[in-house]
There are 2 protein chains.
Amino acid sequence: MDVAERAGVAKGTVSRVLNNYPDFQVSEEIRERIKKAVVDLNYIPHIGAASLAGKKTRIIAVVWPIGSAPVELALMKRISSQLQKNGYMPYICDMPDDLQEATQLIDDLAQRGVDGMIIAGDDCEIVANGEFYSRFKAVVVETSVPLDITGCDQVVRDQTTAFRQATEHFARSGRHHPLLVMSSQSTSRKEKISVFTDACRSQSLELLTNACVTSPYVPWKPVPGNVVEFLDHLLQNEKFPFDAVLCETDMIALTVMSWLRKRELHVPDDVALIGFNNSDITPFTDPPLASIDRRIDETFNALCEMLFARLDNKDRPEQKYELPMRFIWRESAGGEPPEEANR
Amino acid sequence: MDVAERAGVAKGTVSRVLNNYPDFQVSEEIRERIKKAVVDLNYIPHIGAASLAGKKTRIIAVVWPIGSAPVELALMKRISSQLQKNGYMPYICDMPDDLQEATQLIDDLAQRGVDGMIIAGDDCEIVANGEFYSRFKAVVVETSVPLDITGCDQVVRDQTTAFRQATEHFARSGRHHPLLVMSSQSTSRKEKISVFTDACRSQSLELLTNACVTSPYVPWKPVPGNVVEFLDHLLQNEKFPFDAVLCETDMIALTVMSWLRKRELHVPDDVALIGFNNSDITPFTDPPLASIDRRIDETFNALCEMLFARLDNKDRPEQKYELPMRFIWRESAGGEPPEEANR
DNA sequence: CTGTTAGCGCTTTCAA
DNA sequence: TTGAAAGCGCTAACAG
């Protein structure tokens, strides 16, 4: 170790100083000498070696479905830069759609000595398999459905609440035939459908059997196209049979909105429309698009806080943070904004 | 090394077999024994150790501005999964906005023994600084402006062509007062503005002095809000002073479209509108939104091909692939689609 | 408080 | 064609 030579101390001392060992006292002079040598030699530790010798890597994996909503990517970007600020190296990975690939990825991560992991997404199969958590110093899980797992901290952004709020709003404002428009084949699809169905039933809304369009998910095939195809097909049977539409994304909602306009159907008078994700554009569409808020800011805070706390203290009790998504009323939803009490 | 023991051979042999050394012949029997031991022991090589011992890491960094268009993220996702398929580990990093941070990141990457890098984005300052390329086995650069650098392979997706095509279209279809709506403070902003200005001039279009709105880039602040503010401000001076708008993103174009509709201005009769990125939704808006195609598929192919080729053969001549972005006519742009000859 | 030393798991050179 | 052995740069346990 050149730094040691240069500073005229032992390798061990350098290591201890550079890694800020908690209860290790060095003379201020030696500390200075080492610091200087580091600068002089432009020394950067070789993390391969560190990892080999059993030290932590200061790499945090962020496993995220990159195909998801832009607003989620913004969240990922924030997390990534927050990690960097705290001296960690973010290792952003795309959460594979395939279970086996995902398992492989996690194995790789563990093998590479990654210190911790923020793992997100609706791909619950892999996330729910808590078996691998023990291989990391810290694991924070983000899900949109509550999972029964241990060995990690959790942020649960439950969709159910929002689905229910939206459906309640439909019922309260006199809609009768809701439609759910989805297009992915995410694992959470079934979940979403059942939540929506339940919510409709509890509000005595008539859910037509073909109320869910789940167009085959072809990677990189434009999804709005599928939506339009489906709507065209629906319309063949004379009049538009729905008076309320809940969409899986704001983008789909915009597609539906344009489609309705072309058919001279009015939003919200003829059809109430609610999107999902509460993207930046929602307040500025015509009419403004009601949506579901994913609580990005709070999620960001919770995720980072939990991770750093766990990294600092492996033994702290497991945390579970509930951040249910929520319905944001705007004109496209029709009727009146829900009372504060309903929120 | 347990595998060696288990297979009853020397560590070196295992290494040579597992890494497929080109001119190294082993008896089929030993090869089989090793293969079996690997499976039996569920062996995964420790890349920290490999890297320490001087071997390559099979990590490829993908440095990308994560804040960019969704369609670019789809591209990033494809690259990432392609890398994985070829046995590489993609290391996705957010290209920092700040030059110093970016330099730091590249240093880190080099230090970590990353084999290669795909580096993208308009942040030319760092990309143009070819000094660090030599530290990697393979570097592929993607830019939207031609750069004069060596030591890497390049994919140039020039924006100029598309800007010119769009502006020409405005002129040809009888527009007189074009507007450019942008909102980021990306390094390429100046570039975009000057390209647009030049194109207008060459078409004798009257470019009003305040034709570019570059709202202050506040991270995570909704950009459509800024656009609306700007347009509202514009309208204060009686009638809408523009008859053609080119937007930096399709999302901004959609915002402008809604805004115009609210003011009972018709697209394209009153105002011609062109977006950017040719996102999935563009064919399905009302009217369909003209846009600029980023040539995602071809870029994907070029990037991957170049990277793998370079990784295989360090000495091959440097490649430069030109994939100019191009104008995609749709109704919102008004007039007639450009002749094939104009493309 | 600081120095010494034995590996971590792998590659690679040299020898057989 | 295969084995043996010397490190790569660092940490951690132990010695002083």
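All figures in this text were calculated on a predicted structure; none of them were measured in a lab.
- Remark: C1' of C:dT5 and CZ of A:Arg16 are 12 Å apart, rounded to the nearest angstrom.
- Regarding A:Ile34, its CD1 atom lies at a distance of 15 Å from the P atom of C:dC1, rounded to whole Å.
- In this entry the distance linking CG of B:Asn19 with P of C:dT12 reads 8 Å, nearest Å.
- Heavy atoms from other residues, nucleotides or ligands lying under 6.0 Å from NZ of A:Lys36 number 12 at most.
- The existence of a salt bridge linking A:Arg78 and A:Asp297 is confirmed by a sub-4.0 Å separation between a basic side-chain nitrogen and an acidic carboxylate oxygen.
- Candidate nucleotides C:dT2, D:dC10, D:dG3 were compared by shortest atom distance to the side chain of A:Ala49, and D:dC10 ranks first.
- Following rounding to the nearest Å, A:Ile44 (CD1) and D:dG9 (P) show an atom-to-atom distance of 14 Å.
- The interatomic distance linking B:Glu29 (CD) with D:dT1 (P) rounds to 15 Å, in whole Å.
- Residue B:Thr13 places no side-chain N or O under 4.0 Å from the OP1 or OP2 atom of D:dT2.
- The CD1-P distance, from B:Ile30 to D:dT1, rounds to 11 Å in whole Å.
- Atom-to-atom distance recorded for B:Ser80:OG and B:Met89:CE is 9.5 Å, nearest 0.5 angstrom.
- Nucleic acid contact class of B:Ser27 (heavy atoms, under 4.0 Å, all strands): sugar-phosphate only.
- In this structure, A:Leu52 places its CG atom 11 Å from P of D:dT11, rounding to the nearest Å.
- When the nucleotides D:dT11, D:dG3, C:dT2 are ranked by their closest atom to the side chain of A:Ala53, D:dT11 comes out on top.
- Nearest nucleotide to the side chain of A:Pro45, out of D:dC10, C:dT12, C:dG3: D:dC10.
- At whole-Å resolution of the value, CD in A:Glu32 and P in C:dT2 are 13 Å apart.
- Nearest heavy-atom pair across A:Met95 and A:Pro65 is CB-N, 3.7 Å.
- In this structure a side-chain-to-backbone donor-acceptor pair under 3.5 Å is missing from B:Arg58 to B:Asp115.
- Taking only side-chain atoms of A:Ala50, from C-beta outward, the nucleotide of C:dC10, D:dC10, C:dT4 with the closest atom is D:dC10.
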